[in-house]
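Working notes for the structure below.
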Amino acid sequence: MKHLISPLDLSVEETEEILTLAEDIARDPKKYSHVCQGKKLATLFYEPSTRTRLSFEAAMLNLGGSVLGFASGDNSSASKGESVADTIRVVSGYADIAAMRHPKEGAALVASLNSSIPVINAGDGGHQHPTQTLTDLLTIHSLKGRLDHLTIGLCGDLKFGRTVHSLISALVRYPDIRFVLISPEELRIPAYIRKEVLQQNQVEFIETEDLEEAMPELDILYMTRVQKERFFNEEDYIRLKDKYILDTAKMKLAKEDMLVLHPLPRVNEISVEVDKDPRAAYFKQAQFGVYARMALIMKFLEVEVC
Ligand code: CP
């Protein structure tokens, strides 16, 4: 049985299999509409979500399966003090696969160690978000045609942004990937990503505070929200939250075929005027999330089209 806690739980070959399947699902979703009949997905969300929870649920429903779960810890027996380990032991008897989001780093790993069904990490604190990474890889592959030979700018909250940590971990496995890490000093990428992921894999990267200077060289600009919920002090959040605002003036500095991605939700960091720019791909990206999760559920439940 497989769990997905970090993007590295999938080999490059397994990741590519999932992306290929997801691209086929996107082309012909009807072909897959019954493959999970009789199967159940549990969504155990201890932290708010729109895209991840609903796209997981849409994915299972699109595959002909059913869904059950909770959308906040307050609506579950966690509010009475039940542990993640006990909850997943019980849910293992109710569902065939579980997607779990939790504010604590490592919670999904704890669940996987106590589960008799596959556990998918739908975001654990500021740590990892591997299904967002599958979504991001699918978006880049579908719209750019490749996952190699790319200069990728990651901008905003690189310290707490779990989507960034997971995306870097996955992309360093492809040839000729270069990162431009754009953040204020206080929100720089964590040391473990810099040392154990980027430097250890000998991946070229630069760190800068200057988005405008970086714009002309980027193939992908991945914007992120400053993660208010991870700050210890409101003053710091207010000081940093509007440091980067992508607007049409900055888009003029970019390549004609640069893609703008964002895991969403957006707050102020992309001006709504950018939505009309054909390079703005973040709403398409949210749709790709359904196909990526459909493919992942199929692989983990080992179901195929008849
Ligand atoms: N991208 C993402 O994780 O969005 P949600 O928080 O809405 O699930």
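Indexing begins at 1, ligand by ligand and atom by atom, following the structure's order. The shown structure was predicted, so the numbers you read here are calculated from the model rather than taken from an experiment.
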N/O to N/O below 3.5 Å, does that happen between Q132 and ligand 1? yes
Looking only at protein heavy atoms, what sits closest to atom 6 (O) of ligand 1 is R101 NH1, 2.9 Å
Quick check on contacts: which atoms of ligand 1 are under 4.0 angstrom from a heavy atom of T52? 2 (C), 3 (O), 4 (O), 5 (P), 8 (O)
For L41 and A99 the tightest heavy-atom approach is CD1-N, 4.1 Å
Tell me, yes or no, whether the heavy-atom count around K284 atom NZ, taken from other residues, nucleotides or ligands under 6.0 Å, exceeds 12. no
Write out the residue and atom name of the closest protein heavy atom to atom 4 (O) of ligand 1, then the distance separating them to 0.1 Å. R51 NE, 3.1 Å
K241, NZ atom: more than 12 neighbouring heavy atoms under 6.0 Å: yes
Need the ligand 1 atom indices (1-based, order shown) with element for anything under 4.0 Å from a heavy-atom of L264. 1 (N), 2 (C), 4 (O)
Considering only protein heavy atoms, which is closest to atom 1 (N) of ligand 1, and at what distance to one decimal place? P263 O, 2.8 Å
Taking N or O atoms only and a 3.5 Å limit, does P265 qualify as a polar contact for ligand 1? no
Measure from the side-chain N and O atoms of D219 to the backbone N and O of L150, and report whether any donor-acceptor pair falls under 3.5 Å. no
Is it the case that over 12 heavy atoms from other parts of the model lie below 6.0 angstrom from the NZ atom of K104? no
Run the numbers for me: atoms of ligand 1, each under 4.0 Å from some heavy atom of T50, listed by number. 5 (P), 7 (O), 8 (O)
Counting only heavy atoms not in E213, do more than 12 sit closer than 6.0 Å to its CD atom? no
